[in-house]
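When a ligand or atom number is given, it counts from 1 through the structure's own listing order. Below, all heavy atoms of this structure are taken into account, side chains as well, without hydrogens, waters or symmetry copies.
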Amino acid sequence: MVDMPVHTKTTEIIDRHNQFMSINYARYPLAMVQGKGVTLEDAEGKQYLDLFAGFGGPLLGHCHEELVAAVTRQANKLWHVGNLFHTEPQTQVAEAIGRLGFGGRCFFCHSGADANEAALKLARLYGHVHPGPNGPRYRVVSTIDSFHGRSFGTMPTTGQPQVGQHFVPLPPGHVHVAFDDIVEIDRAMDEDTVAVIVEPIQGEAGVRVPSDNYLPALRQLCDERDCLLIFDEVWTGCGRTGRFFAHQHWLTNGQVPDIATLAKGIGGGLAVGVCCATPEVATLFDWHHYGHAVHATTLGGNCLSMAVAGQLLEVIERDHLINHAEALGTHAIDRLRRFARSVPAVRQVRGRGLFIGIELDAKAQGAWFGGVVDVVNRCMEQGLLINGTQGTTIRLAPALIISQDQLDQGLDLLEAIIQG
Ligand code: PLP
């Protein structure tokens, strides 16, 4: 008989974790130890095909060779000097975002919440410079089920009550309206309103894609009301949906937002947030106006994370990964929609590029399987990592370097598991 070890590596790691770590996350009883491309390996040596890479962080997969080389080169050169000095890696990233996006000016920080905080502060400044009849405008309209972060500035914009409910009172001046409903948003904007913040495709809500006229109509509405249009592209940015910014699917003919924010993928797995504003709006942060900084963060734009972000953008452009995401996404969505036609448990398949939601029918679930959680767990047992959100939707967001064979291999298994 084989002697079973009393403690596996995994339980050792989890035991130590449980003693010293904050328990704010509901984690799976797995410990990941290494990754390469779209494959992850746990502490027991089991391999997984990763179709939900690090909640959007490792956009080029795990340990991409060129990112490893870039961070290593930079680590031997310069890490951080503070934003009293100019450093080239920051400028290179900002130039690339300007070229791929809408020519905005970048403020670098560390997360999606951080980037949205900067956007909301720009909106406040705009409201002071362009007041309404009641004085400085401050109200921000966002959408129900949206997610914009968990900081005190962003919790009130997030349209999911459970995110802020234990932290009341939240800062006032926020209102939520239905996503993809231009009439409601028009109604909600009053003379104190200064900005609208929207995800071009709602991510945490279950990959909800708006109608084709929604973003252009928002642009028009914000122009008419002299309000800032902020697109939160923390999930959707950096090529994931088949455009550098997802809003580029719908805003054409020189139309741009006033601000777009990025995080998750732009750092390739390192902590990078970006608030990118048109030059007119970005000038509101200009310290010359105030004689001191009105917004700053110590480690924002540090050389190490900028070296990785710069290399990541270079690889995305050189290897045409945005087109790859679009083509592969179209293939996967078409395939899943064909599958859905013959499987009553699948209600709808949504998405753009490599950002895909598969909504399961709550009524059919009981008959077929235990729902999204059950599907996610069964996939994991068989070495496939996917995500579930809102209790009904499976989300796929693989790294942009995934091949069609790898993606199809994952979808074969997922479809087999959903079919039961
Ligand atoms: N905005 C969107 C659209 C998000 O999905 C998230 C996180 O999931 C955030 C902002 C917050 O990003 P972070 O967790 O990096 O603060």
Handout entry: Donor-acceptor contact present, side-chain E233 to main-chain H247, <3.5 Å
Key = yes
Handout entry: Side chain, backbone, both or neither: the part of E204 lying under 4.0 Å from ligand 1 by heavy atom
Key = side chain
Handout entry: Basic-acidic side-chain contact under 4.0 Å: K9, D42
Key = no
Fill in the blank from the handout: For H148, the ligand 1 atoms with a heavy-atom partner under 4.0 Å come out as 1 (N), 10 (C)
Practice task
Can you establish whether the number of heavy atoms outside R318 located under 6.0 Å from its atom CZ is more than 12?
Solution key: yes
Practice task
Report the relative orientation of the aromatic rings in W235 and F52; use parallel for angles under 30°, tilted for 30 to 60°, perpendicular for over 60°.
Solution key: tilted
Handout entry: Carboxylate-amine/guanidinium proximity below 4.0 Å for D190 and R139
Key = yes
Exercise for the section: Give a yes or no on this: more than 12 heavy atoms of other residues, nucleotides or ligands lie within 6.0 Å of atom CZ of R347. Expected result: no
Practice task
Determine if the distance from atom 14 (O) of ligand 1 to the closest protein heavy atom is below 4.0 Å.
Solution key: no
Practice task
Just jot down the ligand 1 atoms closer than 4.0 angstrom to any heavy atom of S111, in number order.
Solution key: 15 (O), 16 (O)
Exercise for the section: Any atoms of ligand 1 less than 4.0 Å from a non-hydrogen atom of N116? List them with their elements. Expected result: 1 (N), 10 (C)
Practice task
Under 4.0 Å from a heavy atom of E199: give me the atoms of ligand 1 that qualify, with their elements.
Solution key: 3 (C)
Problem - Contact (N/O only, under 3.5 Å) between F147 and ligand 1 - result: yes
Problem - N or O pair under 3.5 Å between G112 and ligand 1 - result: yes
Exercise for the section: Can you establish whether the number of heavy atoms outside K77 located under 6.0 Å from its atom NZ is more than 12? Expected result: no
Handout entry: Protein residue, atom and distance nearest to atom 5 (O) of ligand 1, heavy-atom basis
Key = W235 CD1, 3.1 Å
Exercise for the section: Could you tell me whether some N/O pair between A113 and ligand 1 is separated by less than 3.5 angstrom? Expected result: yes
Exercise for the section: Check each atom of ligand 1 against the heavy atoms of D232 and keep those under 4.0 Å away; list them by number with element. Expected result: 1 (N), 2 (C), 3 (C), 10 (C)
Exercise for the section: Give the atoms of ligand 1, by number and element, whose distance to some non-hydrogen atom of K264 is under 4.0 Å. Expected result: 5 (O), 7 (C), 8 (O)
Handout entry: Aromatic ring pairing F179/Y214, orientation class (parallel under 30°, perpendicular over 60°, tilted between)
Key = perpendicular
